[in-house]
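Below is one structure, written out as C-alpha cells, with a few remarks after it.
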Number of protein chains: 2
Amino acid sequence: MNSTNNPKKMFVEIVKQLRQLIAEENITVGGKLPSERELAERLQVGRSTVREALRSLELLGLIETRRGEGTFLSDYRKHRLVELLSTFILTEAQSKEDVHTTRQALEKDAIHTICMSERLNALHIWDAFKEKIIEEEIIREDIIREIIIISDNRLSLKIWFLLKQFAGEPYQENLKLEEKSVWILLLTAIQSGEEQQAISLYNEWLLLINRGDV
Amino acid sequence: MNSTNNPKKMFVEIVKQLRQLIAEENITVGGKLPSERELAERLQVGRSTVREALRSLELLGLIETRRGEGTFLSDYRKHRLVELLSTFILTEAQSKEDVHTTRQALEKDAIHTICMSERLNALHIWDAFKEKIIEEEIIREDIIREIIIISDNRLSLKIWFLLKQFAGEPYQENLKLEEKSVWILLLTAIQSGEEQQAISLYNEWLLLINRGDV
DNA sequence: AATTACAAAGTGGTCAGACCACTCATAACT
DNA sequence: AGTTATGAGTGGTCTGACCACTTTGTAATT
C-alpha cells in the first residue's frame with residue numbers, strides 16, 4: 001500500500017547535513033556553528049527549517065545556543081538524550097532493568113579487556129589508584145569510568161556515559177569501607193591479569209551495593 | 001558571572017506543557033494530538049514555536065506526524081536512542097575495533113544472562129535450534145540475533161543491531177561445518193547453564209571466524 | 001593618547017501570514 | 001448505488017518582520 005511512503009522529513013535531512021558540515025569544517029567541542037541565517041542559505045532551506053533541526057539538537061543537548069552570540073557544539077557530557085527519554089516515556093521496569101544489565105555488561109567487558117592486555121594491566125597507574133581509594137573519598141562512578149577509559153574503547157565509554165545518566169542512582173555515592181576493600185582486591189586481580197577473580201569480585205561488589213541501597 | 005542565566009527556552013517550556021497536556025487529556029499511544037494551529041492558540045505561542053517543540057519530540061521518536069492527518073503519540077518502542085547515538089556519537093569513535101569489541105561484549109552478556117536464567121535456558125526452543133543448525137543453511141548473524149532476542153534485553157538488542165550495521169562484516173556468511181559443531185556444543189552448554197563452558201566456546205568460535213576471514 | 005560612550009552589525013527568539021501537498025469526509029453527479 | 005469533485009483540515013516550508021541581546025568598531029570626550 002504505502003509503497004513510496006518516503007517523504008523524507010526535511011528537518012531530519014538538515015540534521016544529517018549539519019552533522020556532515022560539522023565534520024567537514026572540523027568544528028570541535030565548544031566551537032561555533034555558522035549562524036542560522038547563513039546555514040539557511042548554504043543548505044538552501046528556510047531559516048525556520050534550520051531552526052527546527054537546531055532546536056531538536058538543542059533539546060538533546062548536542063548543541064548550545066546563546067542569544068546574541070551564536071550556536072555552539074556542546075560538550076558530550078551534556079547530552080540529555082537518555083534523561084529526556086526517561087522523563088517522558090521510558091519508565092517501564094523492563095527498560096530500567098535493561099539499562100542496568102547493559103551497562104554492567106560494558107563494565108565487565110572493560111575489566112576483561114584490561115585483564116587480557118599485558119600493555120594495560122602493566123601500567124603504573126594501578127598502585128596510585130589503589131592508594132587513592134584507600135586514602136581519599138571517591139565516588140563509585142569515578143572509579144568505573146576510569147577503568148572504562150583505561151580499557152581504551154571510546155565507543156563503550158560513550159554508551160556507558162549515556163546509560164549511566166539513566167539510573168541516576170547509587171553511582172553518585174562515595175565508596176563505603178567494605179567496597180573499598182573489594183576494589184583493592186579487584187584492582188590487584190586486574191593487575192595480575194586474573195580475569196576470573198576480577199569478574200567475580202566485580203559481581204561481589206554489585207551484590208554489595210544492591211543490598212545497601214534501594 | 002552567569003548567575004541567573006535563566007532565560008528559559010520557550011520551546012523547552014512548550015515541550016513540558018505538551019507532556020502535561022498529554023497527561024491531562026489522557027492521550028494514549030497511537031492517540032492524536034491537537035493540531036499545530038490549535039496548540040499554538042491554546043498555549044498562546046506562535047505556530048513555529050510549537051513546531052520547534054514538536055520536531056524535537058519527533059526526532060526522539062516520541063511522536064509521529066503524518067502530513068494531512070495530524071500528530072500522534074508514538075509507540076514506546078520506536079524511541080531513537082540508539083539511532084541518534086549512531087548519527088552523532090559513533091562517528092568519532094569509528095575505530096572498527098571498538099565496534100567489534102563492544103558488540104562482542106553484548107553477545108557474551110546475552111549468553112551469560114541466558115545461562116543464569118533457569119527460565120530461559122529451559123525453553124523448548126534449544127533443541128529445535130540445534131536441529132536447524134545441523135540441517136539447514138544458516139547465517140551467522142541469525143543465530144546470534146536469536147540469542148540476544150531470547151536474552152530479552154531490548155536495549156542491548158537495539159545497540160547490537162546498530163553495531164552490526166557498522167561493522168559490515170563476516171556476519172552475513174553461512175555457518176561453516178566447523179562452526180556448526182562449535183555452536184551445537186555452545187547451545188548445549190547454554191541449556192545446562194554452564195556459563196564458563198559457553199563463553200569459552202564462544203571465544204573459540206570468534207577465533208575460528210577471525211582466522212578464516214579478513 | 002587613552003578612555004569612554006554610543007551606534008551599528010550580527011545573532012538567536014518569536015510571530016504572523018502565506019502558499020503547498022496531502023488526507024479525509026461529504027456533497028454532487030452520473 | 002457507485003463514482004467523482006469539492007472543500008475543510010492538517011502538516012511542511014518559506015518569507016519578512018520585529019525584538020532582545022552581544023560584540024565590535026568608531027566617534028566623542030577627557
Side-chain angles (χ1 to χ4, degrees), chain A residues 1-18 21-22 25 27 30-75 78 80, chain B residues 1-18 21-22 25 27 30-75 78 80:
Chain A
M1 294 300 175
N2 53 0
S3 55
T4 48
N5 187 8
N6 200 5
K8 290 182 183 176
K9 303 282 183 179
M10 197 57 175
F11 84 96
V12 174
E13 288 303 308
I14 300 298
V15 168
K16 287 183 187 171
Q17 293 189 36
L18 281 175
L21 187 145
I22 289 171
E25 311 226 337
I27 299 174
K32 190 170 180 301
L33 272 65
S35 75
E36 295 180 352
R37 289 169 177 85
E38 184 183 339
L39 284 174
E41 195 176 0
R42 283 171 60 173
L43 304 182
Q44 285 294 296
V45 294
R47 190 182 155 206
S48 44
T49 304
V50 169
R51 278 185 63 83
E52 289 181 4
L54 287 176
R55 262 3 92 213
S56 299
L57 297 182
E58 183 174 4
L59 190 67
L60 292 179
L62 295 173
I63 60 173
E64 201 173 335
T65 60
R66 296 197 284 273
R67 169 185 288 188
E69 298 183 54
T71 306
F72 305 84
L73 199 57
S74 184
D75 190 278
K78 293 181 182 169
R80 304 175 54 198
Chain B
M1 295 304 171
N2 52 2
S3 55
T4 49
N5 187 8
N6 201 5
K8 289 182 183 176
K9 303 282 183 181
M10 197 57 175
F11 83 97
V12 174
E13 289 302 308
I14 300 296
V15 167
K16 287 182 187 171
Q17 293 190 39
L18 280 176
L21 185 147
I22 289 172
E25 311 225 339
I27 299 174
K32 189 170 181 301
L33 272 64
S35 75
E36 295 180 351
R37 290 169 177 85
E38 184 183 340
L39 284 173
E41 196 175 359
R42 283 171 61 173
L43 303 182
Q44 286 294 296
V45 294
R47 190 182 156 207
S48 41
T49 304
V50 170
R51 279 185 63 82
E52 289 180 4
L54 288 177
R55 263 2 93 212
S56 301
L57 297 181
E58 183 174 4
L59 189 66
L60 286 175
L62 297 176
I63 61 174
E64 201 172 335
T65 59
R66 297 197 282 274
R67 169 184 287 189
E69 299 183 52
T71 305
F72 304 85
L73 200 56
S74 184
D75 188 284
K78 289 184 181 171
R80 304 221 178 158

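Chain letters run A, B, ... following the sequence lines, proteins first and then strands; every chain starts at 1.
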Within this structure, what is the CD1-to-C1' distance between B:Ile14 and C:dG13, rounded to whole angstrom?
-> 12 Å
Protein-nucleotide distance (A:Glu41, atom CD; D:dT15, atom P), rounded to Å = 11 Å
What's the closest nucleotide to the A:Thr49 side chain, out of C:dT23, D:dG12, D:dT13?
-> D:dT13
Within the pair B:Thr71 and D:dG11, is there a side-chain N or O less than 4.0 Å away from OP1 or OP2?
-> yes
Stepwise salt bridge (charged side-chain N to carboxylate O under 4.0 Å, His left out) test for A:Arg55 and A:Glu52 = CA-CA 5 Å; A:Arg55 262 3 92 213; A:Glu52 289 181 4; over 6 Å; no
Specify the residue among A:Val45 and B:Glu69 whose closest nucleotide of DNA chain D lies further upstream toward the 5′ end.
-> B:Glu69
Think A:Ser35 has a side-chain N or O under 4.0 angstrom from the OP1 or OP2 of C:dT11?
-> yes
Indicate whether OP1 or OP2 belonging to C:dC20 is found under 4.0 Å from a side-chain N or O atom of B:Arg67.
-> no
So do B:Leu21 and B:Ile27 actually touch side chain to side chain, heavy atoms under 4.5 Å?
-> yes
Separation of C:dG10 P from A:Glu38 CD (nearest whole Å) | 12 Å
Between P of D:dG12 and CG of B:Leu39, the distance in whole Å = 13 Å
Rounded distance (Å) that lies between atom C1' of C:dG12 and atom CD of B:Glu52 = 10 Å
B:Glu36 has an atom CD; how far is it from atom C1' of C:dC22, in whole Å?
-> 14 Å
Within this structure, what is the CZ-to-C1' distance between A:Arg47 and D:dT13, rounded to whole angstrom?
-> 15 Å
After noting the C-alpha distance and the side-chain angles of A:Leu39 and A:Ile14, does the key distance pass the side chain to side chain contact (heavy atoms under 4.5 Å, CB included) rule?
-> CA-CA 10 Å; A:Leu39 284 174; A:Ile14 300 298; over 6 Å; no
Would you state whether a donor and an acceptor, one from the side chain of B:Arg37 and one from the base of D:dG9, lie under 3.5 Å apart?
-> no
Taking for each residue the nucleotide of DNA chain C bearing the nearest heavy atom, is the 5' side occupied by A:Ser48 or by A:Gly68?
-> A:Gly68
Using atom CZ of B:Arg51 as one end and atom C1' of C:dC15 as the other, report the distance to the nearest whole Å.
-> 14 Å
